[in-house]
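Following: one structure in structure tokens, then a few remarks.
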Amino acid sequence: HSTTLAGSLLIAGIYVWLALSARAPGLNLWSDLVTGLSSASLYTGTVAAGFSAFEANRLSVAAADRLRGSARNQILVRVQHATAVILPLLLGCVLALFVLGIFAAASGTYGSPFIPWLLAFGAALLLAATFGYVVGRAIGARWYVAPAAALLF
């Protein structure tokens with residue numbers, strides 16, 4: 001899934017860029033980085049919804065005949081595909097937190113991140129990606145599915 005990999009790298013880039021741009025001049029505080037992550041969640045949710053809707057749409061077009069004739073449970077196949085699409089998007093968030101942690105350690109950032117707040121960012125990204133996947137699966141093979149899911153979220 002090279003599209004999902006591109007989406008995860010885009011999500012990581014948005015998180016890192018907006019978190020680093022939210023820092024106050026002269027101060028190295030984790031709270032500033034978390035504020036940047038909070039503002040980045042608006043954009044990363046849209047990206048995650050769009051990419052997961054695109055991948056769900058692509059599965060319904062490419063494998064519809066194979067899934068109907070298959071002996072495997074169709075729900076299990078869709079759950080496995082959804083996991084394969086959504087997990088890399090969440091790993092983009094983890095990658096961004098890892099990069100920001102290295103940056104914070106190297107630059108002497110004061111404080112520590114509030115862990116439940118970081119988990120909330122991951123949960124929001126999971127919700128956005130799941131919403132996009134459901135919309136992409138429900139609407140079917142249409143060209144406007146991915147942009148519509150991104151804009152609806």
Side-chain angles (χ1 to χ4, degrees), residues 1-25 27-64 67 77-109 111-153:
H1 299 279
S2 61
T3 309
T4 308
L5 179 63
S8 67
L9 293 176
L10 181 62
I11 286 172
I14 290 171
Y15 270 131
V16 170
W17 176 58
L18 287 176
L20 291 178
S21 66
R23 294 182 311 139
L27 297 174
N28 276 338
L29 301 174
W30 258 108
S31 60
D32 290 340
L33 293 176
V34 171
T35 301
L37 288 173
S38 178
S39 61
S41 291
L42 296 171
Y43 304 109
T44 57
T46 302
V47 169
F51 273 99
S52 60
F54 175 76
E55 286 292 332
N57 193 3
R58 202 163 86 169
L59 175 73
S60 65
V61 171
L67 284 177
V77 171
R78 294 188 201 292
V79 167
Q80 288 173 342
H81 184 257
T83 303
V85 168
I86 294 171
L87 209 58
L89 297 174
L90 290 175
L91 289 177
C93 179
V94 172
L95 175 66
L97 293 176
F98 183 72
V99 168
L100 288 174
I102 290 174
F103 172 80
S107 64
T109 301
S112 63
F114 189 56
I115 300 300
W117 198 246
L118 298 179
L119 293 176
F121 293 141
L125 194 64
L126 176 67
L127 177 70
T130 304
F131 172 79
Y133 194 87
V134 168
V135 167
R137 184 69 197 119
I139 293 178
R142 305 282 189 269
W143 66 268
Y144 56 82
V145 170
L151 292 175
L152 284 174
F153 192 78

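Worth knowing before you read on, the calculation uses all heavy atoms, side chains too, and leaves out hydrogens, waters and symmetry mates. Here the structure is a predicted model, which is why all the values come from computation and not from measurement. Sequential numbering from 1 along the given sequence is applied to the chain's residues.
- Residues G122 and L90 come closest through the heavy atom pair O-CD2, 3.5 Å.
- Summarising the geometry of A96 relative to A12, their closest heavy-atom pair is CB-O, 3.7 Å, with the distance given to 0.1 Å.
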Would you sort out whether L100 and L20 count as a side-chain contact (heavy atoms from CB on, under 4.5 Å), showing the intermediate values? CA-CA 8 Å; L100 288 174; L20 291 178; 3.9 Å; yes
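- A distance of 12.0 Å separates CG of L126 from CG of L119, quoted to the nearest 0.5 Å.
- Closest approach of A146 and G50 over heavy atoms only: CB-O, 3.4 Å.
- Between F51 and T4 the shortest side-chain heavy-atom distance does not fall below 4.5 Å.
- From L91, atom CG reaches atom CG of L9 across 10.5 Å, with rounding to the nearest 0.5 Å.
- A150 is linked by a side-chain contact (heavy atoms from CB on, under 4.5 Å) to T46, counting only residues two or more places apart in sequence or in another chain.
- Considering only residues two or more places apart in sequence or on other chains, Y133 meets the ring-ring contact (aromatic ring centres under 6.0 Å, His included) condition with H81.
- Using a 4.5 Å heavy-atom cutoff, the side chains of N57 and I139 are not in contact.
- Atom CD1 of I14 sits about 12.0 Å away from atom CG of L37, to the nearest 0.5 Å.
- Of all the heavy atoms in F121 and S41, the pair that sits closest is CD2-OG, 3.3 Å.
- Heavy atoms from other residues, nucleotides or ligands lying under 6.0 Å from OH of Y43 number 12 at most.
- Looking at heavy atoms from C-beta onward, D32 lies out of side-chain contact with T109 at the 4.5 angstrom threshold.
- Using a distance-only test at 3.5 Å, with no hydrogens or angles considered, no donor-acceptor pair links the side chain of S38 to the main chain of V34.
- The CH2 atom of W30 sits 7.0 Å away from atom CG of L118, with the distance rounded to the nearest 0.5 Å.
- Of all non-hydrogen atoms in A48 and L89, the two that sit nearest each other are O-CD1, 3.8 Å.
- Between V135 and A149, the shortest heavy-atom contact is CG1-CB, 3.9 Å.
- The CZ atom of F131 sits 9.5 Å away from atom OG of S52, with the distance rounded to the nearest 0.5 Å.
- Taken from CD1 in I11 to CG in L125, the straight-line distance is 5.0 Å, to the nearest 0.5 Å.
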